Structure formats: C-alpha cells, structure tokens
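Because only heavy atoms are used, hydrogens play no part in the values below, and waters and symmetry mates are left out as well, while side chains stay in. Just so it is clear, the structure is predicted and the values come from calculations on it, not from any experiment.
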Amino acid sequence: MSSTDQYTAHSESSREVTPQQKIDDLNNILNQTKYAMLTTRDAQGCMHSRCMALASHEGLHFSFISDNTSHKQDELNTVDDVNVAFLDPSSTNWISVCGKAKTHQNREQIDKLWNPLVSAWFGDLGDGVHKGGKDDPRVCIIEIVPDSIRYWMSTKSKIGQRVDIVASAVTGKVASPGDLRTITKDEIRIIEGLNTV
C-alpha cells in the first residue's frame, strides 16, 4: 500500500476485530447478496467476468452450479486463479475473494445445491442424456477455495455515508464511512482447521 493512500490506511485501522468477527460480518454481507461476478483468465491472460448465482458459502468456500462445457470451464482448465466479487447495492457493502477454482461433479453436493430453476441455463438437447436436470452430465460445481478475502462494510447509513464524504471533501480529511477488512490466508487456514475438528 502506498503511504499516500490514506483512505485504505484509515479504513483498515478504524478498529481491531477478531477473525471470528470478520467471518460473522462477512456472512452477514453474503446473506444480503444473491449474485457474484466470477472472473477467470484465459491462456492469453485476458480476464472475463460473468454473473453467477451463489449456491453455497459453507465455511469459507464458495460454490456455484455450472456447465462443464462452457467457455468459463475452458478457462478454469487452463488457469485456476479466480476472483469472485459480491456487491450489495442497498448498503454498498462489497466482497472480493481471491482464490483457486476446483470443478467437480460430486452428485451428493449437486443434489444438495440443485434448484429446479437452474435447468433453465442448461436446456434439453433432446438426446435423452443432456436433459438440463441435475443428472445432466454437463452439470458441475465450481468451488472457490480462497487465498484471501477482502471486504468493505458500511458502518453508517447511506445518509451518514454522504455526510461523511461531503464533510471530508470540505475539510480535507479522509472519509471513513465503513471498515475495510482482510481475511488473510493464515486466518483462512486457522478457520478451516477449526471446522475440520
């Protein structure tokens, strides 16, 4: 971080929180969001994002139901580094997950996460095999295993945020309408270790 980036320095140091409080606040934001932008990279280094419905966020792993014949799957087969971004426009809270994508066809997990409306994204190919349901061989789970999670959560109402921003612009102080937090790789490992005991 640049020493001139006062906003980040101020937002990150506004208060100390425990790893468990970070997880609790992250889950509160996730419970308010339904969709994410999943960003993948192709072999030439070009990044592509697409909107995905979050199927699960158990522990700190993020799961999406996907089509294993899609362009994104081609990219994941080449480069498994991804970013998943969430935004709650009503609060301006956001989450950015940096991690690795793993694709699998665990039927038990597909059964658990399946929603009949998902079939609209597959369609019936009319061959008796690719029917668009949960047993379609194209159906897979993309699981994101995070390396780090960064999120911002508002600590003020929308009016309070605007007042803080305007006052800071007038006074030359740094606006701080929320907290910027990072769940580090070490914290993720600790939390995952606790969940496997």
(Q) Using the rule given for side chain to side chain donor-acceptor pair (under 3.5 Å), can you reason through Gln32 versus Asn28, listing the C-alpha separation, both sets of side-chain angles and the distance that settles it, and then say yes or no? (A) CA-CA 7 Å; Gln32 299 302 312; Asn28 287 337; over 6 Å; no

Q: May I have the step-by-step check of side chain to side chain donor-acceptor pair (under 3.5 Å) for Asp186 and Thr184, ending in yes or no?
A: CA-CA 5 Å; Asp186 289 339; Thr184 66; 5.2 Å; no

(Q) Does Lys22 form a side chain to side chain contact (heavy atoms under 4.5 Å, CB included) with Tyr151? I'd like the steps, not just the answer. (A) CA-CA 9 Å; Lys22 288 180 184 180; Tyr151 69 93; 3.7 Å; yes

(Q) Run Leu60 and Ile23 through side chain to side chain contact (heavy atoms under 4.5 Å, CB included) and show every step you take. (A) CA-CA 8 Å; Leu60 291 177; Ile23 300 303; 3.6 Å; yes

**Q.** His130 vs Asp127, side chain to side chain donor-acceptor pair (under 3.5 Å): CA-CA, chis, key distance, verdict
**A.** CA-CA 6 Å; His130 301 93; Asp127 62 3; 2.5 Å; yes

(Q) Working note: Lys72 + Met52, criterion side chain to side chain contact (heavy atoms under 4.5 Å, CB included); need CA distance, chi angles, decisive distance, verdict. (A) CA-CA 11 Å; Lys72 70 180 157 297; Met52 302 281 293; 3.7 Å; yes

Q: Walk me through it: do Asp80 and Lys102 pass the test salt bridge (Lys or Arg N to Asp or Glu O under 4.0 Å)?
A: CA-CA 7 Å; Asp80 63 354; Lys102 299 188 309 184; over 6 Å; no

Q: Just do the side chain to side chain contact (heavy atoms under 4.5 Å, CB included) check on Ile142 and Leu76 with the steps written out, would you?
A: CA-CA 9 Å; Ile142 298 174; Leu76 291 173; 3.7 Å; yes

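Judged by distance alone, with hydrogens and angles left aside, the side-chain atoms of Asp42 form no donor-acceptor pair with the main-chain N or O of Glu75 at under 3.5 Å. Side-chain N or O atoms of Gln105 include one that pairs as donor or acceptor with a backbone N or O of Pro137 at under 3.5 Å. Panel note: side chain Ser70, backbone Ser66; no donor-acceptor pair is recorded below 3.5 Å. Between the side chain of Asn77 and the main chain of Gln73, a donor-acceptor pair closer than 3.5 Å is present.
With values rounded to the nearest 0.5 angstrom, Ile29 atom CD1 is found 5.0 Å from Ile95 atom CD1. Here the CD1-OG distance, from Ile188 to Ser148, works out to 6.5 Å after rounding to the nearest 0.5 Å. Distance check, rounded to the nearest 0.5 Å: CD of Gln109 to SG of Cys140 gives 11.0 Å. Rounded to the nearest 0.5 Å, atoms CG (Asn68) and CD1 (Ile141) are 11.0 Å apart. Distance CG/Leu180 to CH2/Trp152: 9.5 Å, rounded to 0.5 Å. Between atom CG of residue Leu26 and atom CD of residue Gln21 there is a gap of 11.5 Å, rounded to the nearest 0.5 Å.
In plain terms, the two heavy atoms of Ala53 and Phe64 that are nearest each other are O-CD2, 3.3 Å. Contact record, Arg107 with Lys134: NH1-O, 2.6 Å, taken as the closest heavy-atom pair. Summarising the geometry of Val139 relative to Gly133, their closest heavy-atom pair is CG2-O, 3.4 Å, with the distance given to 0.1 Å. When all heavy atoms of Cys51 and Tyr35 are compared, the closest pair comes out as SG-CB, 3.7 Å. Between Glu187 and Ile183, the shortest heavy-atom contact is OE1-CA, 3.3 Å. For the pair Asp81 and Arg41, the tightest heavy-atom approach, listed with the atom from each and the gap, is CB-NH2, 4.2 Å.
Contact check for Pro19 versus Ile190: no side-chain heavy atoms found under the 4.5 Å cut-off. The side-chain heavy atoms of Arg150 and Arg181, taken from C-beta on, include no pair separated by under 4.5 Å. Looking only at side-chain heavy atoms (C-beta outward), Leu54 and Phe86 come within less than 4.5 Å of each other. Within the 4.5 Å cutoff, the side chain of Trp114 has heavy atoms near those of the Ser119 side chain.
Between Lys112 and Glu58 a salt bridge is recorded (basic side-chain N to carboxylate O distance below 4.0 Å). Using a 4.0 Å cut-off between charged nitrogen and carboxylate oxygen, Asp147 and Lys185 count as a salt-bridge pair.
No continuous path of ILVMFWY side-chain contacts below 4.5 Å connects Val79 to Val82, so the two sit in separate hydrophobic clusters.
Donor-acceptor pairing under 3.5 Å is recorded for the side chains of Arg50 and Thr40. Side-chain atoms of Gln20 and Asp24 form a donor-acceptor pair, as typed in the model, at a separation below 3.5 Å. In the model, Ser49 has a side-chain atom that pairs as donor or acceptor with a side-chain atom of Thr39 under 3.5 Å.
For the side chain to side chain contact (heavy atoms under 4.5 Å, CB included) with Phe62, the qualifying choice from Leu30, Leu38, Val84 is Leu30, the only one to do so. When each of Leu87, Thr92, Asn93 is checked for a side chain to side chain contact (heavy atoms under 4.5 Å, CB included) with Pro89, only Leu87 meets the rule.
The 12-atom threshold is not exceeded at CE of Met47, counting heavy atoms of other residues, nucleotides or ligands nearer than 6.0 Å.
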